[in-house]
> 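Below is the structure I would like to discuss, written out as structure tokens.
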Amino acid sequence: MSRKQILAGNWKMNQTITEARNWIRIYQAGQKKGFRTDVLLFPSFTTLYPVSKEAMKAGITLGAQNIHEAEHGAFTGEISAKMLIEAGAKWVLVGHSERRTLFGETDDRINLKVRRALFSELRVILCVGETLEERNAGTHQEVVRQQVINGLQDVHKSDLAHVVIAYEPVWAIGTGKTATPEDAQEMHAAIRQIINSEKGGEIAEQMRILYGGSVNKENAAALFACPDIDGGLVGGASLKVESFLSIFRAL
Ligand code: PGA
């Protein structure tokens, strides 16, 4: 079966409301209609609601970069699924390596976030990926396998249609170093195999698996041509609308 490709922009702690509005205006003018790709943007929490109408008109679906696992309560500085949905988010990123390393998110916590999001009818991009040390030690496949299994533990099969996995090797994020298409394809095929054995062949076949880590307009086409790479999660190169559009054309 053919999987619909996704191009997602992770803006991290960048783009004010004004900058985001400009970005979307230029994107809309430069975009061709009738494409068969889901375009997702993950702006800051404060930018979500103010740009939600413009984004919809431009054919962009919005998502949030984080979520708290509790429904509500005394969690100063955190954000709930209900708040995100009301602000216009349809998706949420969970398990990004910056959340894992800078904010100490464990697989258990990530799993709770995944389940909270799905229970609340948000779609999830679950991010996984090994460090350079793990790759050099040859444990990268096992590390990613554990992240996928733990992140999706107790997720009901019917909810897995709302989950996308992003393979983002930590050593490639924001570094300008990209996995070769061969290495990326190898890991994507391995992830699909894990989903196959854990959740069944049909789900594995339908699961969209994105590559992330220094994707740019030069390397995008070769990565996206790989059979198990269903699109990209783009950080730095999504901040400039022209470079995002060039990556889009590579799809
Ligand atoms: P990058 O970030 O494209 O800047 O490497 C990707 C990401 O963190 O999702």
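Values below: all heavy atoms of this structure, side chains included; hydrogens, waters and symmetry mates excluded. Counting starts at 1 for both ligands and their atoms, in listed order. Nothing here was measured: the structure is a model prediction, and the numbers come from that model.
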> Would you mind running through ligand 1 and noting each atom that sits below 4.0 Å from a heavy atom of G236?
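Heavy-atom distances to G236 below 4.0 Å select 1 (P), 3 (O), 4 (O).
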
> Tell me, yes or no, whether the heavy-atom count around F45 atom CZ, taken from other residues, nucleotides or ligands under 6.0 Å, exceeds 12.
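Yes - once you tally the heavy atoms of other residues, nucleotides and ligands closer than 6.0 Å, there are more than 12.
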
> Do any N/O atoms on G213 end up under 3.5 angstrom from N/O atoms on ligand 1?
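N/O-N/O distance below 3.5 Å does not exist for this pair.
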
> Under 4.0 Å from any heavy atom of H96, which atoms of ligand 1 are there?
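Listed by number with element: 7 (C), 8 (O), 9 (O).
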
> For atom 3 (O) of ligand 1, find the nearest protein heavy atom and state the residue, atom name and distance (0.1 Å precision).
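Among all protein heavy atoms, the one nearest atom 3 (O) of ligand 1 is G235 N, 2.8 Å.
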
> Fit a plane to each ring of Y27 and F248, take the angle between them on a 0 to 90° scale, and name the class: parallel (under 30°), tilted (30 to 60°) or perpendicular (over 60°).
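Plane angle over 60°, so perpendicular.
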
> Of all the heavy atoms in S214, does at least one lie under 4.0 Å from an atom in ligand 1?
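It does, in that a heavy atom of S214 comes within the 4.0 Å cut-off of ligand 1.
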
> Does atom CD of E86 have more than 12 heavy-atom neighbours from other groups under 6.0 Å away?
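Count not over threshold, so no.
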
> Does ligand 1 come near enough to E98 that some N or O of the ligand is less than 3.5 Å from an N or O of the residue?
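Between E98 and ligand 1 (N or O atoms, distance only) the closest approach is not under 3.5 Å.
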
> Any N or O of K12 that comes nearer than 3.5 Å to an N or O of ligand 1?
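Yes, K12 has an N/O under 3.5 Å of an N/O on ligand 1.
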
> So if I count the atoms of ligand 1 from 1 in the order they appear, which ones are less than 4.0 Å from some heavy atom of G174?
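Result: 1 (P), 4 (O), 5 (O).
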
> Looking only at heavy atoms, is any part of S97 under 4.0 Å from ligand 1, and if so is it the side chain, the backbone, or both, or is it neither?
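Neither part.
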
> What atoms in ligand 1 come closer than 4.0 Å to a heavy atom of A172?
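Heavy-atom distances to A172 below 4.0 Å select 5 (O).
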
> Do K57 and E54 sit within salt-bridge range, that is, some charged N less than 4.0 Å from a carboxylate O?
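Salt bridge absent between K57 and E54.
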
> State whether D230 and K4 are salt-bridged, where the test is any N-O pair (Lys NZ or Arg NE/NH1/NH2 against Asp/Glu carboxylate O) under 4.0 Å.
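Salt bridge between D230 and K4, a charged N being under 4.0 Å from a carboxylate O: no.
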
> Would you find more than 12 non-hydrogen atoms of other residues, nucleotides or ligands less than 6.0 Å from K12 atom NZ?
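Check passes, neighbour count above 12.
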
> Counting only nitrogen or oxygen atoms and a 3.5 angstrom limit, does A237 reach ligand 1?
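No.
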
> For ligand 1, indicate whether the residue N10 contacts it via side chain, backbone, both or neither (heavy-atom separation under 4.0 Å).
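Within the 4.0 Å criterion, N10 contacts ligand 1 through side-chain atoms alone.
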
> State whether D107 and R100 are salt-bridged, where the test is any N-O pair (Lys NZ or Arg NE/NH1/NH2 against Asp/Glu carboxylate O) under 4.0 Å.
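Counted as a salt bridge, because a side-chain N and a carboxylate O are separated by less than 4.0 Å.
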
> Provide the number and element of each atom of ligand 1 under 4.0 Å from a heavy atom of E168.
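Counting atoms of ligand 1 from 1, those under 4.0 Å from E168 are 6 (C), 7 (C), 8 (O), 9 (O).
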
> Just wondering, more than 12 heavy atoms not from E78 lying within 6.0 Å of its CD?
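Atom CD in E78 is crowded, with more than 12 foreign heavy atoms closer than 6.0 Å.
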
> Output yes when R116 and E69 qualify as a salt bridge under the 4.0 Å nitrogen-oxygen rule, no when they do not.
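Looking at R116 and E69, the cut-off is not met.
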
